[in-house]
> 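Take this structure, written in structure tokens, and hold onto it; I'll ask about it next.
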Amino acid sequence: MKKLLALFLALCMCLCVFAGCGAKKTDDPAGDDAGDAGETTLAGTYKIKVWVAENAVDLTTKQIKDFNDSNEDGIVIEATIEPVGEGDAATSMTTDIEAGADLYCFAQDQAARLIQSGALSKLGVAAAEKVSADNASGVVAAAKSGDDLYAYPLTADNGYFMYYDKSVVKEESIDSLEAIIADCEAAGKNFSYELEGSAWYTASFFFATGCHSDWTVDNDGAFTAVDDDFNSANGLIAAKGMQKLLASDCYNNSSAGADFAAAIPSAVVISGTWDYETVKGILGDNLGVTDLPSFNVDGKDYHLGSFNGCKLMGVKPQADAKKAAAIHKLAQYLTSEKAQMERFDTLSWGPANLKAQQAEKVQESPALVALLAQAPYSVPQGQIHGSWWDIGKAVATNIKAATDDAGLQAALDTYKTAIDGLFSLSEEVKNAYTVIGAVNGSNWDKDFEMVKGDDGKWTSKDAFELKAGDEFKVRQGLNWDVAYPADNFKVEADGTYYIVFDPAAETVELVAA
């Protein structure tokens with residue numbers, strides 16, 4: 001198994017294809033010397049903003065202190081560390097680069113978008129050579145545009161698999177979705193699978209039947225075409241398989257490892273390596289970890305697929321070349337073998353560093369072994385249109401509501417119409433703002449119209465009955481590339497409100513109806 005895992009980590013990363021190789025280059029004030037400067041030129045104190053995942057804040061604080069104590073360049077980093085997840089960082093950076101972090105982490109499918117917007121600083125020659133030599137080739141490729149490297153490999157484990165409670169799910173059941181559902185129903189326990197909340201998970205059923213969704217991006221970072229066959233005979237088979245779980249009383253629309261300790265606990269959670277410590281702490285000896293199961297339609301089994309990918313660390317371009325080089329030095333340290341192993345030990349994140357991948361404890365990690373088992377059924381996550389994430393998760397809700405095959409086909413037809421519509425939007429729609437979120441009975445699957453006033457502000461056409469805790473965003477062109485605020489707007493008090501957005505000030509506010 002150790003040899004298999006080593007082979008997987010080397011080969012799987014080669015599949016992590018970066019679709020923006022023709023992207024234009026971002027100006028880098030530090031030039032080819034970024035990260036290559038010497039002690040006499042970099043000594044000094046630098047105040048920077050850093051974005052990392054919430055559960056990595058404490059460790060990153062420690063690692064930056066270690067960098068300050070150990071580097072021989074005389075660099076002292078005074079960092080303000082903020083919890084911004086890898087999925088949100090790109091939107092926040094492209095929305096307002098100047099206000100964004102100097103150093104931040106992001107999912108690899110956002111690389112082209114960040115490069116095109118000028119939010120990533122190119123690595124210097126020596127730094128790029130070392131990063132390329134030290135890390136898995138697929139992760140390095142994900143950080144490239146043409147021959148230039150724009151980010152540092154952080155992890156090689158961005159995929160999902162199955163956690164289960166061995167006291168509920170029988171060992172002979174783990175390969176069959178239908179058998180697992182039966183075990184959960186018999187025990188009165190939930191099966192957590194975020195099908196209606198995340199297209200990332202919904203796609204697994206379509207990948208199982210051989211479907212694909214491949215997007216084409218031009219040199220300016222614009223999406224120009226999509227080759228998608230979810231609306232097909234194989235897509236209908238996927239919908240039938242998905243409905244088996246959606247229709248069950250045990251279905252829970254979630255991917256949180258903490259669900260094993262919920263009021264109605266889950267016996268199964270589909271999640272990734274980031275949840276291992278949480279699940280282990282709850283289940284103890286009853287912890288089971290394995291690849292996804294298969295579902296059966298018309299006598300044929302289909303093994304559930306998944307996305308695979310990696311996470312990267314980027315440096316924002318700086319006006320001060322000396323500061324840029326110092327931040328690149330810090331990025332090199334935070335993505336070094338030592339730092340990646342610390343993240344593995346503390347957070348169970350799978351390393352991209354080749355030497356770290358060979359460490360015995362990495363090779364024996366139950367979560368990474370499960371990722372290995374799922375690898376043959378996984379699909380590399382490339383560049384994907386921002387609106388697809390809404391369209392993809394909405395198809396699951398429509399499949400859930402279907403009562404027969406005609407209803408399932410209608411759900412796929414609706415999905416196809418929405419996909420095609422992305423390339424036929426009028427200029428008016430592309431420039432208009434809308435409200436989207438958990439409001440008016442929707443679940444981030446519907447855009448609500450806004451009207452532009454003479455003062456340049458946009459106001460929701462209708463008033464919303466909002467509850468404290470409701471969340472939403474205002475976005476432009478039915479796309480996530482321009483969306484406000486960076487973090488979801490959270491309603492503080494119940495009431496009926498109009499939602500008002502000021503593009504000049506980039507502010508969102510509620511006005512009582």
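Numbers here simply count residues along the sequence, with the first being 1.
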> Any chance the side chains of Y193 and S204 put a donor and an acceptor closer than 3.5 Å?
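Yes, S204 and Y193 have a side-chain donor paired with an acceptor closer than 3.5 Å.
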> Between T202 and E194, what is the shortest heavy-atom contact and its length?
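Of all heavy-atom pairs spanning T202 and E194, the closest is OG1-O, 4.4 Å.
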> Is the closest side-chain donor-acceptor distance between N231 and D413 under 3.5 Å?
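Result is yes, a qualifying pair exists.
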> Which heavy atom of V139 sits nearest a heavy atom of A156, and at what distance?
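What the structure gives for the nearest pair is CG2-CB, 4.1 Å.
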> Looking only at heavy atoms, what is the nearest atom pair of S460 and M450, with distance?
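Result for this residue pair: N-CE, 3.8 Å.
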> So, S213 versus D228: side-chain donor-acceptor pair below 3.5 Å or not?
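Yes.
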> Return the set of residues passing salt bridge (charged side-chain N to carboxylate O under 4.0 Å, His left out) with D405 (not counting sequence neighbours), or none when no residue passes.
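Counting only residues at least two positions away or on another chain, D405 forms a salt bridge (charged side-chain N to carboxylate O under 4.0 Å, His left out) with K240.
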> Between E449 and T434, does any side-chain donor sit less than 3.5 Å from a side-chain acceptor?
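T434 and E449 do not have a side-chain donor-acceptor pair below 3.5 Å.
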> Excluding sequence neighbours, so at least two apart, what forms salt bridge (charged side-chain N to carboxylate O under 4.0 Å, His left out) with D447?
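By the salt bridge (charged side-chain N to carboxylate O under 4.0 Å, His left out) rule, D447 matches R475.
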> Counting distance only, does the side-chain N/O of E509 pair as donor-acceptor with the main-chain N or O of I499 below 3.5 Å?
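It does not hold such a pair.
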> Just checking, any donor-acceptor pair under 3.5 angstrom between side chains of S266 and S192?
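Indeed, the side chains of S266 and S192 share at least one donor-acceptor pair under 3.5 Å.
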> Can a donor-acceptor pair be found between the side chains of N296 and Y302 at a distance below 3.5 Å?
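Short answer, no.
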> Is it true that D291 and H303 share a donor-acceptor pair across their side chains at a distance under 3.5 Å?
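Yes.
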> Identify whether NZ of Lys or CZ of Arg in K311 sits under 6.0 Å from the centre of the six-membered ring of W349 and within 45° of that ring's axis.
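Yes, a cation-pi geometry.
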> Minimum heavy-atom separation for Q340 to P153, with atom names?
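Distance-wise, the nearest heavy atoms are NE2-O, 3.5 Å.
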